[in-house]
Amino acid sequence: MEQKKTEELLKERLREKGLKVTRQRILVLSVLEQNAGRHMTAEDVYDLVSEDYPEIGLATVYRTLQLLWDMQLVDRISLDDGCVRYEIGHLFKGDAKHNHHHLICRICNKVIPFGGDLLDELEQQIEDETGFHVLDHELKFYGVCRECLKKGR
Ligand SMILES: [Zn+2]
Ligand SMILES: [Zn+2]
Ligand SMILES: [Zn+2]
């Protein structure tokens, strides 16, 4: 059901841009949707897409992710290691803003989503003090995840 909605939105956006609806575009987006909550590298996406579509190349996956990002259908974060991670776009959840913040483990590089957001007040304060209207914000917290802590570093 959800799947259908995503696919429809993708088709709509592609047509608006005069771009073709292709199987690889649909597959890349649906892999991200099926793995919502995960933050995947292009290689992770490639591994899963190629199970259904072995002919696809990694370069195509890169280009497709870039295109989907341009169309605001996927979100991405870049880590200090230069590795970009992708996830299904927050627009699909009907939210104008991002839907979570990111906790990044310094040891294993895992990215953990965190839903709480206490920044409305700060945004209001920024607006009051500077007249700057905040549309969105992005936060990354760096630390050590529970599993790495248990392993005793
Ligand atoms: Zn860790
Ligand atoms: Zn995320
Ligand atoms: Zn936030």
Side-chain angles (χ1 to χ4, degrees), residues 1-119 123 134-153:
M1 202 170 73
E2 276 301 300
Q3 175 78 22
K4 202 79 217 147
K5 256 170 45 190
T6 309
E7 214 176 298
E8 286 315 308
L9 186 56
L10 171 64
K11 287 178 179 168
E12 237 176 73
R13 293 276 171 107
L14 287 169
R15 286 196 197 105
E16 277 166 21
K17 295 220 163 214
L19 296 168
K20 269 193 216 137
V21 178
T22 61
R23 190 171 157 215
Q24 57 258 45
R25 286 172 181 164
I26 292 172
L27 278 174
V28 167
L29 191 64
S30 68
V31 157
L32 287 171
E33 183 174 49
Q34 283 154 21
N35 289 277
R38 271 186 73 188
H39 297 79
M40 304 171 83
T41 63
E43 286 81 3
D44 295 334
V45 174
Y46 169 76
D47 286 344
L48 292 178
V49 171
S50 59
E51 284 174 11
D52 285 326
Y53 193 173
E55 311 91 287
I56 200 166
L58 183 56
T60 305
V61 171
Y62 272 111
R63 275 200 308 274
T64 305
L65 286 167
Q66 178 65 40
L67 176 78
L68 295 172
W69 183 73
D70 285 341
M71 296 195 305
Q72 297 182 307
L73 297 172
V74 305
D75 291 339
R76 71 178 184 193
I77 58 164
S78 26
L79 303 190
D80 287 355
D81 59 5
C83 211
V84 178
R85 312 287 181 107
Y86 295 88
E87 64 183 309
I88 189 77
H90 59 273
L91 288 177
F92 287 116
K93 286 140 196 155
D95 245 328
K97 275 191 189 181
H98 64 281
N99 61 351
H100 55 250
H101 294 254
H102 294 109
L103 317 179
I104 297 159
C105 178
R106 282 283 196 207
I107 312 283
C108 67
N109 263 334
K110 182 163 49 207
V111 181
I112 302 151
F114 180 76
D117 204 326
L118 304 168
L119 293 173
E123 289 189 353
V134 179
L135 293 172
D136 201 357
H137 56 253
E138 185 189 311
L139 275 184
K140 292 180 204 164
F141 296 89
Y142 294 97
V144 181
C145 76
R146 193 182 304 173
E147 287 72 30
C148 288
L149 273 177
K150 255 191 219 150
K151 277 182 221 151
R153 275 165 253 202

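In this text the structure is predicted, and so the values were computed from the model without any measurement.
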Intermediate values then yes/no, side-chain contact (heavy atoms from CB on, under 4.5 Å), Leu10 and Met71: CA-CA 9 Å; Leu10 171 64; Met71 296 195 305; 4.0 Å; yes

Step-by-step side-chain contact (heavy atoms from CB on, under 4.5 Å) determination, Ile107 to Lys151: CA-CA 11 Å; Ile107 312 283; Lys151 277 182 221 151; over 6 Å; no

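Across Val61, Leu27, Ile26, Leu48, a single residue satisfies side-chain contact (heavy atoms from CB on, under 4.5 Å) together with Tyr53, and that is Leu27.
Here ring-ring contact (aromatic ring centres under 6.0 Å, His included) pairs that include residues 67-89, with residues two or more places apart or in two chains, number zero. A salt bridge (charged side-chain N to carboxylate O under 4.0 Å, His left out) check over residues 60-69, counting only residues at least two apart or in different chains, returns nothing. Legend: ring-ring contact (aromatic ring centres under 6.0 Å, His included) pairs involving residues 21-42, not counting sequence neighbours, sorted by first then second residue: His39-His100, His39-His102.
Scanning for side-chain hydrogen bond (donor to acceptor under 3.5 Å, both in side chains) contacts around Asp52 gives an empty result, with sequence neighbours left out. Looking at residues two or more places apart in sequence or on another chain, you find a side chain to side chain contact (heavy atoms under 4.5 Å, CB included) between Thr41 and Glu43, Asp44, Cys83, Arg85. For Leu103, the side chain to side chain contact (heavy atoms under 4.5 Å, CB included) test picks out Ile112, Phe114, Phe141, with sequence neighbours left out. Residues satisfying the side-chain hydrogen bond (donor to acceptor under 3.5 Å, both in side chains) criterion with Asp117, sequence neighbours excluded, are His98, His101, His137. With sequence neighbours excluded, no residue satisfies side-chain hydrogen bond (donor to acceptor under 3.5 Å, both in side chains) with Arg15. The side-chain hydrogen bond (donor to acceptor under 3.5 Å, both in side chains) search around Glu147 returns Lys110, not counting sequence neighbours. Qualifying salt bridge (charged side-chain N to carboxylate O under 4.0 Å, His left out) partners for Arg38, counting only residues two or more places apart in sequence or in other chains: none. When the side chain to side chain contact (heavy atoms under 4.5 Å, CB included) test is applied to Glu16, the partners found at least two apart in sequence or on another chain are Glu12, Arg13.
Looking at every heavy atom in both residues, Lys20 comes nearest to Leu14 through O-CD1, 3.6 Å. When all heavy atoms of Ala42 and Leu58 are compared, the pair lying nearest together is O-CD1, 4.1 Å. Counting all heavy atoms, side chain and backbone alike, Asp75 lies closest to Ile88 at OD2-O, 4.0 Å. In terms of heavy atoms, Cys145 sits closest to Cys105 at N-SG, 3.4 Å. The two atoms that bring Leu65 and Val74 nearest to each other are O-CG2, 3.9 Å, heavy atoms only.
Rounding to the nearest 0.5 Å gives a distance of 10.5 Å between CG of Leu32 and CG of Leu73. Distance CG/Asp136 to CD/Glu123: 7.5 Å, rounded to 0.5 Å. Here OG1 of Thr64 is found 5.5 Å from CD of Gln24. Values are rounded to the nearest 0.5 Å. Going from atom CD1 of Ile77 over to atom NZ of Lys140 covers 6.0 Å, rounded to the nearest 0.5 Å. Distance CZ/Arg25 to CG/Leu19: 5.5 Å, rounded to 0.5 Å.
A side-chain N or O of Thr6 and one of Glu33 form a donor-acceptor pair less than 3.5 Å apart.
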